[in-house]
**Student:** 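Please find one structure pasted underneath; my questions will follow.
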There are 2 protein chains.
Amino acid sequence: MTAPVGRASNGHAPGGYDKHAYEPFAVTVDLAVLTVRDGVLQVLLVERGHEPYAGHWALPGGFVLPHESAETAARRELAEETGLKDVSELHLEQLRTYSEPDRDPRMRVVSVAFAALLPHPPEPHGGGDAVQARWLPYDTAGPLAFDHDRILADAHERVGAKLEYTCLAPSFCPPEFTLGELQQVYETVWGTPLDRPNFRRKVLATPGFVEPVPGAARLTGGRGKPAALYRAGGATTLHPPLLRPTPEGRS
Amino acid sequence: MTAPVGRASNGHAPGGYDKHAYEPFAVTVDLAVLTVRDGVLQVLLVERGHEPYAGHWALPGGFVLPHESAETAARRELAEETGLKDVSELHLEQLRTYSEPDRDPRMRVVSVAFAALLPHPPEPHGGGDAVQARWLPYDTAGPLAFDHDRILADAHERVGAKLEYTCLAPSFCPPEFTLGELQQVYETVWGTPLDRPNFRRKVLATPGFVEPVPGAARLTGGRGKPAALYRAGGATTLHPPLLRPTPEGRS
DNA sequence: TGACTAATAGTCATACCGACTATAAAGAGG
DNA sequence: CCTCTTTATAGTCGGTATGACTATTAGTCA
């Protein structure tokens with residue numbers, strides 16, 4: 001149902017609007033902004049300056065404004081929090097909506113959660129007064145405010161799953177990247193080491209996943225043989241999927 | 001973010017509540033209730049009795065009440081619309097939230113959409129006055145009210161995808177079912193015929209997907225060799241996945 | 001009894017995957 | 001300059017899963 005039209009099954013009188021037929025909610029967006037830096041999965045967090053949860057870290061977010069969709073609000077918040085000029089290219093994905101009645105002790109707040117993937121994280125840029133924003137490692141992102149631990153865990157799981165069957169991984173990488181960097185994205189998000197030759201074979205076997213940068217360009221990060229550079233191809237889904245190694249057990 | 005605490009990045013004064021910091025929204029749930037009957041994918045729809053979209057079919061749904069989560073509201077609506085006594089066992093899955101500002105011409109309504117899977121559909125049970133509820137074939141579910149076409153398509157896509165890598169399919173079947181019935185679920189949702197021996201091999205190769213009903217029970221639906229009966233096993237995910245045949249092209 | 005129908009069993013060549021070895025191309029350090 | 005280390009890349013090999021088939025079994029219907 002979309003409109004506040006009372007229906008018999010609702011126990012409301014049919015007709016126009018009924019002020020008592022619904023309760024207004026505050027609607028917000030919460031963002032799980034993830035990046036991979038130096039082989040560590042990091043998440044953008046803000047420190048709360050007020051009760052409840054004053055001093056706790058929380059996911060960035062904010063209200064959906066009257067003229068906005070949740071997606072628009074999420075992208076606006078993403079731009080504000082990261083300080084990036086152009087976030088229109090970033091991957092932003094709606095996770096799910098969290099609506100437990102008691103998730104905010106003060107009032108009824110329904111929050112639409114999003115996961116965002118960033119390549120080179122711009123430095124956190126301090127927020128306003130009394131509030132700071134920082135990149136923190138996912139593993140040590142202690143207990144967060146509200147139900148944000150759950151949201152963050154859901155974001156991690158979703159991203160990990162989407163790496164398997166979509167071409168999402170380059171979203172974590174700069175425009176041109178080596179296969180080693182791409183592999184590190186998978187290993188970091190999944191928390192599992194991967195066999196390098198096999199990873200390479202599978203990535204290159206999927207047409208349109210990555211395409212070589214023609215100018216025989218190479219990148220030298222340190223010692224070792226220079227790696228060829230690739231950029232994201234046009235494909236969006238992975239056939240066959242790049243499954244993460246099962247921890248053994250089936251379920 | 002969860003609470004209406006103004007933050008510098010929001011341009012709001014920090015502190016307690018600011019009546020102008022947010023706009024209240026009506027929050028509803030929309031349900032895409034799907035079933036497979038006689039090899040046809042069917043969806044539960046209600047006919048609207050009022051403007052806008054009077055006379056159009058729409059997905060069932062209703063308001064989230066003040067004390068409810070969206071999941072609770074969805075399950076309550078599901079029970080009301082289907083007339084089922086116990087919906088606690090039914091598979092109910094949050095799809096995503098639709099929040100375009102103009103999706104309802106009258107006011108700002110944010111809707112959390114759910115997909116529900118039913119086995120033996122109970123007959124629609126007429127709704128209240130001026131509103132009827134009916135099962136209609138998915139393919140001929142003409143243009144629906146609001147953005148419900150989109151929601152329904154998203155539900156179909158989600159369910160189709162989840163059949164690949166989860167043990168969701170028995171949710172469409174009665175407690176005991178034949179492998180032929182299970183295969184028909186896949187074929188109907190995917191819209192693709194499957195090879196019967198291969199389907200059987202893959203289903204039985206995944207431990208915990210289905211388990212045979214021990215009493216050598218058999219079901220005779222008509223002619224042909226009687227089929228063994230199975231019930232859902234304890235597994236929740238499919239390893240290896242049961243991938244739908246790719247229409248050839250990769251992407 | 002003899003089609004006809006549907007379930008179940010089995011075959012076979014190919015694709016894919018994980019584990020592994022081998023080679024190439026750079027830097028570091030003596 | 002030579003060797004060791006490091007990283008990228010190439011290739012091998014056996015096991016498993018898969019798609020396309022064929023064969024057999026066990027019922028109903030005429």
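Note on naming: letters A, B, ... go to the chains in the order of the sequence lines (proteins, then strands), and numbering restarts at 1 for each one.
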**Student:** Does Ser99(A) have any side-chain contact (heavy atoms from CB on, under 4.5 Å) partners at least two apart in sequence or in another chain, and if so, which?
**Tutor:**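 Ser99(A) satisfies side-chain contact (heavy atoms from CB on, under 4.5 Å) with Arg108(A), Val110(A), Ser69(B), Ala70(B), Glu71(B) once adjacent residues are dropped.
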
**Student:** With a distance cut-off below 6.0 Å to the six-membered ring centre and an angular limit of 45° from the axis, does Arg201(A) pair with Phe199(A) as a cation-pi contact?
**Tutor:**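 No, Arg201(A) and Phe199(A) do not form such a contact.
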
**Student:** Rounding to a whole Å, what distance do you find between Lys225(B):NZ and dA7(C):P?
**Tutor:**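 Lys225(B) atom NZ is separated from dA7(C) atom P by 10 Å.
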
**Student:** For Tyr230(A), check ring-ring contact (aromatic ring centres under 6.0 Å, His included) against everything at least two apart and list the hits.
**Tutor:** none

**Student:** Given dA6(C), is OP1 or OP2 found less than 4.0 Å from the side-chain N or O atoms of Arg196(B)?
**Tutor:**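 For Arg196(B), the contact criterion (side-chain N or O under 4.0 Å from OP1 or OP2 of dA6(C)) is not met.
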
**Student:** Residues from residues 197-204 of chain B sitting under 4.0 Å of DNA chain C, heavy atoms only?
**Tutor:**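 Those residues are Pro197(B), Arg200(B), Arg201(B).
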
**Student:** In whole Å, what is the span from the CZ atom of Phe177(B) to the P atom of dA7(C)?
**Tutor:**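 Answer to the nearest Å: 14 Å.
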
**Student:** ring-ring contact (aromatic ring centres under 6.0 Å, His included): which pairs involve residues 154-179 of chain A, sequence neighbours left out?
**Tutor:**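 Every pair satisfying ring-ring contact (aromatic ring centres under 6.0 Å, His included) with a residue in residues 154-179 of chain A: Tyr138(A)-His156(A).
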
**Student:** Of the listed nucleotides (dA24(C), dT18(D), dT25(D)), which one gets closest to any side-chain atom of Pro240(B)?
**Tutor:**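 Selected nucleotide (nearest to the side chain): dT18(D).
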
**Student:** Kindly point out which of dA8(D), dA26(D), dC20(C) is positioned nearest to the side chain of Asp195(A)?
**Tutor:** dC20(C)

**Student:** Who are the salt bridge (Lys or Arg N to Asp or Glu O under 4.0 Å) partners of Arg196(B), not counting sequence neighbours?
**Tutor:**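 Testing Arg196(B) for salt bridge (Lys or Arg N to Asp or Glu O under 4.0 Å), a comparison that skips the adjacent residues, returns none.
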
**Student:** Can you list every pair that meets side-chain hydrogen bond (donor to acceptor under 3.5 Å, both in side chains) and has a residue in residues 184-194 of chain A, with sequence neighbours left out?
**Tutor:**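 Qualifying pairs, neighbours excluded: Gln183(A)-Glu187(A).
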
**Student:** Rounding to a whole Å, what distance do you find between Leu179(B):CG and dT25(D):P?
**Tutor:** 20 Å

**Student:** Which nucleotide sits closest to the side chain of Ala227(A): dA8(D), dC16(C), dT8(C)?
**Tutor:**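 Of dA8(D), dC16(C), dT8(C), dA8(D) is nearest to the side chain of Ala227(A).
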
**Student:** Can you tell me how far P of dT7(D) sits from CD of Gln183(A), to the nearest Å?
**Tutor:** 12 Å

